[in-house]
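Worth knowing before you read on, the calculation uses all heavy atoms, side chains too, and leaves out hydrogens, waters and symmetry mates. Order of appearance sets the numbers: ligands from 1, and atoms from 1 within every ligand.
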Amino acid sequence: MIIALPNKGRLAEPSLELLRSAGIKVESEGRRLIASTNREDIAVLFARARDIPEYVYKGAAQVGITGLDMVYEAGVSVETLLKLDFGKAKIVVAAPSGSEIRKVEDLEGRAVATEFRKITQDFFSGLGIDVEIVEVSGACEIAPSIGIADAIVDLMSTGTTLRLNGLEVIAEIMETQAVLIANRKVVDDFNVQALKTALESVLNARGMVYLMMNVPEDRLEDVKSVAPGLKGPTVMKVESNGMLAVHVVIHESHLFEVVERLKMAGARDILVIPVQRLIF
Ligand SMILES: Nc1ncnc2c1ncn2[C@@H]1O[C@H](COP(=O)(O)OP(=O)(O)OP(=O)(O)O)[C@@H](O)[C@H]1O
Ligand SMILES: O=P(O)(O)OC[C@H]1O[C@H](OP(=O)(O)OP(=O)(O)O)[C@H](O)[C@@H]1O
Ligand SMILES: [Mg+2]
């Protein structure tokens, strides 16, 4: 199986990191664009995020990681298997603050600069608004101030780039994040499904911790009410001393108060263990 990964840009490092957590280690040598991995049956193809949907559609790679925006923009039919929870941003229409352009209808007959020709075209034609699209290949926020366009369609996450360039959002087109995509013909292949399961299990496990503790039998209900767990705690009898071993998965953000409450409810010997993978 070949996995297409972004070779640079915002999605590159988090994609490699996610694969690594899922047990797939890329053995890359500098600028080589095809790399082997620790698994004999999995190789990686490094490409631009923008080109990955096309490569997966054509079958040059069976699966790939790219932005959902890139999938729409490519306009090809691939299967989105999983949202990956990084590379989160919005595609917005923005115009110079204080200009007469306050809403998308004001752009009728005007010029819009963007790297996203198809998304922009589809958005405005869907609203029946006729705009001229000025295609740029990056740093599109500069376009209005140099007289190239009246507005832009671009990605926004923190909003800093827009603000620093005197632009403000007048409409939101779509939300994007990194996704795992697959060629439709191989969606059900064992390796494709195994990769999906592995990545999903890493995402599920993020922020979760496993608690193990000993609880006197007569305090079980008190402990349960403090830490109900994902599917109720696992309870095992500890031989001979009237104690129960209780195991439960909770969210790390609750750990601070849950541990104290468990202690108060009679739990002892509490172990907190990181969760590597979680498969429901
Ligand atoms: N500010 C951002 N916040 C979150 N995700 C982003 C942001 N900018 C881009 N992305 C996501 O990353 C993808 C790739 O964009 P990025 O700018 O990293 O690379 P590129 O445009 O391919 O390369 P370059 O900008 O270096 O030419 C985008 O399609 C989008 O899905
Ligand atoms: O809302 P913000 O947090 O400011 O992020 C938005 C900016 O991030 C991306 O650019 P990137 O940094 O990838 O540079 P690029 O223009 O070279 O692609 C995007 O094209 C915006 O310009
Ligand atoms: Mg970019």
Side-chain angles (χ1 to χ4, degrees), residues 3-19 26 28 30-31 33 35 44-58 60-61 63-97 111-123 133-146 148-182 199 203 206:
I3 309 174
L5 293 185
N7 67 327
K8 53 161 103 170
R10 302 214 177 212
L11 306 181
E13 194 41 50
S15 302
L16 279 177
E17 179 58 42
L18 179 60
L19 281 186
V26 179
S28 76
R31 298 189 53 82
L33 296 177
V44 164
L45 165 73
F46 287 106
R48 304 308 299 264
R50 184 169 283 270
D51 296 328
I52 287 175
E54 183 78 19
Y55 292 173
V56 169
Y57 173 68
K58 294 257 172 76
V63 290
I65 294 179
T66 187
L68 193 59
D69 53 343
M70 294 289 125
V71 177
Y72 281 115
E73 187 59 19
V76 293
S77 166
V78 291
E79 188 82 15
T80 300
L81 293 179
L82 200 60
K83 292 181 175 170
L84 301 176
D85 210 35
F86 63 89
K88 287 185 162 179
K90 284 177 180 165
I91 294 195
V92 299
V93 187
S97 312
V112 178
T114 188
E115 286 179 59
F116 301 93
R117 171 176 280 281
K118 181 174 158 51
I119 289 172
T120 304
Q121 189 68 68
D122 291 353
F123 175 73
I133 294 174
V134 179
E135 207 165 341
V136 295
S137 52
C140 137
E141 291 90 348
I142 197 70
S145 65
I146 57 173
I148 296 291
D150 301 288
I152 65 167
V153 167
D154 201 8
L155 288 159
M156 175 191 83
S157 55
T158 60
T160 312
T161 313
L162 289 184
R163 192 161 32 78
L164 290 177
N165 290 286
L167 299 168
E168 60 186 61
V169 175
I170 60 166
E172 292 183 6
I173 301 184
M174 65 173 282
E175 292 188 347
T176 180
Q177 63 174 288
V179 286
L180 175 70
I181 57 170
L199 298 186
L203 298 174
R206 277 201 184 146

message = Would you say that more than 12 heavy atoms from the other residues, nucleotides or ligands in this model lie under 6.0 Å from the OH of Y57, or not?
response = no

request  = For L155, counting its heavy atoms only, list the atoms of ligand 2 lying under 4.0 Å from any of them.
outcome  = 6 (C), 19 (C), 21 (C)

message = Only heavy atoms of A139, strictly under 4.0 Å: list the atoms of ligand 2 that pass.
response = 16 (O)

inquiry  = Would you say that more than 12 heavy atoms from the other residues, nucleotides or ligands in this model lie under 6.0 Å from the CZ of F123, or not?
reply    = yes

message = Out of all atoms in ligand 2, which are within 4.0 Å of some heavy atom of G159? Include the element for each.
response = 1 (O), 2 (P), 3 (O)

inquiry  = Regarding atom 11 (P) of ligand 2: of the candidates E115, R10, R163, which has the closest heavy atom?
reply    = R10

query = Should you measure from each heavy atom of G67, which atoms of ligand 1 turn up under 4.0 Å away?
reply = 31 (O)

query = Can R48 be said to touch ligand 1, with heavy atoms closer than 4.0 Å?
reply = yes

key: Those atoms of ligand 1 less than 4.0 Å from some heavy atom in K88   = 3 (N), 4 (C)

request  = Kindly confirm or rule out an N or O of E141 lying under 3.5 angstrom from an N or O of ligand 2.
outcome  = yes

key: Atom indices of ligand 2 within 4.0 angstrom of M156 heavy atoms, with elements   = 1 (O)

note = Under 4.0 Å from one or more heavy atoms of T161, ligand 2 contributes atoms 2 (P), 4 (O), 5 (O), 6 (C), 7 (C), 22 (O)

query = If we only count heavy atoms from C-beta on, is the Y55 to V78 side-chain gap below 4.5 Å?
reply = no

task = Taking the side chain as every heavy atom from C-beta outward, state whether I65 and L11 have any pair of such atoms under 4.5 Å apart.
result = no

remark   = Taking only non-hydrogen atoms of D69 and a 4.0 Å limit, the atoms of ligand 1 in range are 28 (C), 29 (O), 30 (C), 31 (O)

Worked check of side-chain hydrogen bond (donor to acceptor under 3.5 Å, both in side chains) between T161 and E141 = CA-CA 7 Å; T161 313; E141 291 90 348; 4.6 Å; no

query = Taking C-beta and beyond as the side chain, do M174 and L68 meet within less than 4.5 Å on heavy atoms?
reply = yes

key: Ligand-residue contact atoms, ligand 1 with G9, heavy atoms, under 4.0 Å   = 18 (O), 19 (O)

